[in-house]
K.L.:
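Can you keep this structure in mind? I'll have questions shortly.
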Amino acid sequence: LFLNICSESELTNHDSTIFFFTEVDNPMLCPITHLVTLAVADKAFEAPSLTTVERVFEQKVSGPVMCTPLTWKQEILKTPIFRQDGGAIDGVLPSPTLALTYSQFGDRLKLLGLLIGLLATLTARCFRRNTANVVDRKYSVISNV
């Protein structure tokens, strides 16, 4: 599956950004699932039939590279994926234009860590460090063979 973050005309100009992802065994940790969920919530896909996450993942994978191109609506291309709260009373509507800042992201991670009872502060560095540890374990085993 790849997410084509551009319009079809931009794709032919080769100035677009294309993200390639591979499948993850645990759906909770899958970046594709998270991005597709946000895109469905924003009604970002050009195809009118892609209205649920299930509909997106039901698409047949085809082609020589076995991927599914997902084209975004032109009007959504400049919309940040991760956005600040839009000022709704319950705080769940994202702003249509304001990107989430790193400090706001950090504040939310810290709060999440407190809410789930972590003893240490949850930070973005935790994800980077743990990802590096997983890569080190996997490739150090391969290099020792």
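All figures in this text were calculated on a predicted structure; none of them were measured in a lab.
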K.L.:
What residues, two or more places apart in sequence or in another chain, satisfy side chain to side chain contact (heavy atoms under 4.5 Å, CB included) together with A124?
P.N.:
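Testing A124 for side chain to side chain contact (heavy atoms under 4.5 Å, CB included), a comparison that skips the adjacent residues, returns Y102, F105, L109, R128.
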K.L.:
Test of understanding: with side chain to side chain contact (heavy atoms under 4.5 Å, CB included), list the residues that count as partners of S49, not counting sequence neighbours.
P.N.:
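Side chain to side chain contact (heavy atoms under 4.5 Å, CB included) check on S49 returns A47, R55.
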K.L.:
Given the rule that I, L, V, M, F, W and Y join up when any side-chain heavy atoms are under 4.5 Å apart, are L77 and L50 in one cluster?
P.N.:
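Yes, L77 and L50 fall within the same hydrophobic cluster.
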K.L.:
Taking all non-hydrogen atoms of both residues into account, name the closest pair between K73 and E46 and its distance.
P.N.:
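Heavy-atom minimum between the residues: CA-OE1, 3.2 Å.
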K.L.:
Distance from H34 atom NE2 to I81 atom CD1, nearest 0.5 Å?
P.N.:
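Interatomic distance, H34 NE2 to I81 CD1, rounded to 0.5 Å: 13.0 Å.
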K.L.:
Please round to the nearest 0.5 Å and tell me the distance separating atom CD1 of I76 and atom OG1 of T71.
P.N.:
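It is 14.0 Å, given to the nearest 0.5 Å.
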K.L.:
Please collect all salt bridge (charged side-chain N to carboxylate O under 4.0 Å, His left out) contacts where either partner lies in residues 35-45, sequence neighbours excluded, each pair once.
P.N.:
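The answer is D42-R83.
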K.L.:
Do L122 and F82 share a hydrophobic cluster, counting only Ile, Leu, Val, Met, Phe, Trp and Tyr and linking them when any side-chain heavy atoms are less than 4.5 Å apart?
P.N.:
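Yes.
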K.L.:
Measuring from atom CG of L114 to atom CG of L119, what distance do you get when rounded to the nearest 0.5 angstrom?
P.N.:
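That separation rounds to 10.5 Å.
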K.L.:
Do L112 and L118 sit in the same hydrophobic cluster, where Ile, Leu, Val, Met, Phe, Trp and Tyr count as joined when their side-chain heavy atoms come under 4.5 Å apart?
P.N.:
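Yes, L112 and L118 fall within the same hydrophobic cluster.
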K.L.:
Quick check: closest heavy atoms across V53 and V40, and the distance to 0.1 Å?
P.N.:
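Looks like N-CG2, 4.0 Å.
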K.L.:
How far apart are the closest heavy atoms of P80 and T97, and which atoms are they?
P.N.:
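The pair with the smallest heavy-atom distance is CG-O, 3.5 Å.
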K.L.:
Are the side chain of Q84 and the backbone of A99 linked by a donor-acceptor contact shorter than 3.5 Å?
P.N.:
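Present.
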